[in-house]
Amino acid sequence: MNPTGQELERVAAATLQDYADRAESFREGTRDHDVSQNITALLRYIEAGPPAANLDFGCGPGRDLKTFARLGHAAVGLEGCARFAAMARAEGSEVWEQNFLDLDLPDARFDGIFANASLFHVASQELARSPAVASDAEIAWRAVQLEPAWPKRGRLVSRALLRLS
């Protein structure tokens, strides 16, 4: 049974509140996580050289936005938690604050989408609407890297990377 729109909104609001309540401890706890292998996996499929334009889908407090910048790429963060968005902006990053269930993204702006452990916050029924997993005919992005945190969601990784080859 698929949750209703109201149920999805309630779950999203609770999730965002939980992140807001522990934003500082989350930033400190993930500050040194090395996800360079995921960033490298994305960048190797992007035809545009630096600076490639990337969307960091669920950028959190901005750790990976800084990595993209350090590598010479332009990255925009997309974040639903206002406290995380503010943290990333305070570090000098551009961040669009949007709910994952109600996205307003431009066509053909990004060379890649980096969704590192963020899409598990999107209900399965809503994933097809997400730019990170939509069909090639529906999006203009050329490369997608998905790294869901739950093995249960691992099927998304192969689906996305299959389009890259």
Side-chain angles (χ1 to χ4, degrees), residues 15 19 23 26-81 84-85 87-165:
T15 300
Y19 275 120
F26 181 90
R27 176 171 56 180
E28 292 307 312
T30 61
R31 182 183 305 271
D32 295 325
H33 284 192
D34 180 8
V35 297
S36 59
Q37 73 281 0
N38 300 338
I39 292 172
T40 299
L42 170 69
L43 293 176
R44 82 168 171 238
Y45 289 104
I46 294 178
E47 296 167 3
N54 295 299
L55 178 69
D56 186 348
F57 191 96
C59 68
R63 177 197 65 218
D64 302 329
L65 290 170
K66 291 189 287 188
T67 300
F68 280 113
R70 193 170 48 253
L71 294 171
H73 297 281
V76 173
L78 178 73
E79 181 54 55
C81 175
F84 283 162
M87 289 174 167
R89 286 185 192 117
E91 296 285 330
S93 296
E94 179 180 357
V95 179
W96 300 343
E97 194 174 325
Q98 294 186 29
N99 184 316
F100 290 1
L101 298 175
D102 188 27
L103 296 174
D104 182 20
L105 301 174
D107 290 334
R109 161 115 189 234
F110 300 103
D111 298 304
I113 303 170
F114 187 68
N116 192 78
S118 58
L119 289 179
F120 63 83
H121 290 301
V122 180
S124 297
Q125 74 190 49
E126 299 296 308
L127 281 174
R129 297 178 346 132
S130 168
V133 294
S135 72
D136 289 340
E138 297 170 335
I139 62 172
W141 295 291
R142 290 185 293 278
V144 177
Q145 166 64 31
L146 305 178
E147 185 62 29
W150 296 343
K152 177 175 157 185
R153 299 277 193 222
R155 69 185 185 280
L156 296 176
V157 174
S158 60
R159 179 177 175 190
L161 293 178
L162 182 63
R163 273 204 318 269
L164 298 178
S165 53

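Taking every heavy atom of both residues into account, Q98 and L78 meet most closely at CB-CD1, 3.8 Å. When all heavy atoms of G72 and P50 are compared, the closest pair comes out as O-CB, 3.6 Å. The two residues L65 and G77 have their closest heavy-atom pair at CD2-N, 3.6 Å. Residues F100 and G80 share a closest heavy-atom pair of CE1-N, 4.3 Å. Nearest heavy atoms, A88 versus G60: CB-O, 4.1 Å.
Here the rule is side-chain contact (heavy atoms from CB on, under 4.5 Å) with L42, and of I39, N38, I46 only I46 fits it.
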Name each donor-acceptor pair under 3.5 Å that joins a side chain in residues 51-58 to protein atoms two or more places apart or in another chain, with its distance.
none

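For R27, the side-chain hydrogen bond (donor to acceptor under 3.5 Å, both in side chains) partners are E24, not counting sequence neighbours. Applying the side-chain contact (heavy atoms from CB on, under 4.5 Å) rule to A23 yields the partners R83, F84, M87; only residues at least two apart in sequence or on another chain are considered. Every residue was checked against the side-chain hydrogen bond (donor to acceptor under 3.5 Å, both in side chains) condition with R44, not counting sequence neighbours, and none meets it. For D34, the side-chain hydrogen bond (donor to acceptor under 3.5 Å, both in side chains) partners are S36, not counting sequence neighbours. Legend: residues meeting side-chain hydrogen bond (donor to acceptor under 3.5 Å, both in side chains) with E94, ordered by chain and number and at least two apart, are W96. Residues meeting the ring-ring contact (aromatic ring centres under 6.0 Å, His included) test with F68, sequence neighbours left out: F114.
Using a 4.5 Å cut-off on side-chain heavy atoms (C-beta onward), V35 and T67 make no contact.
Listed by first and then second residue, the salt bridge (Lys or Arg N to Asp or Glu O under 4.0 Å) pairs that reach into residues 57-72 are K66-E91, sequence neighbours excluded.
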Residue pair E97, R89: steps toward the side-chain contact (heavy atoms from CB on, under 4.5 Å) verdict: CA-CA 11 Å; E97 194 174 325; R89 286 185 192 117; 3.8 Å; yes
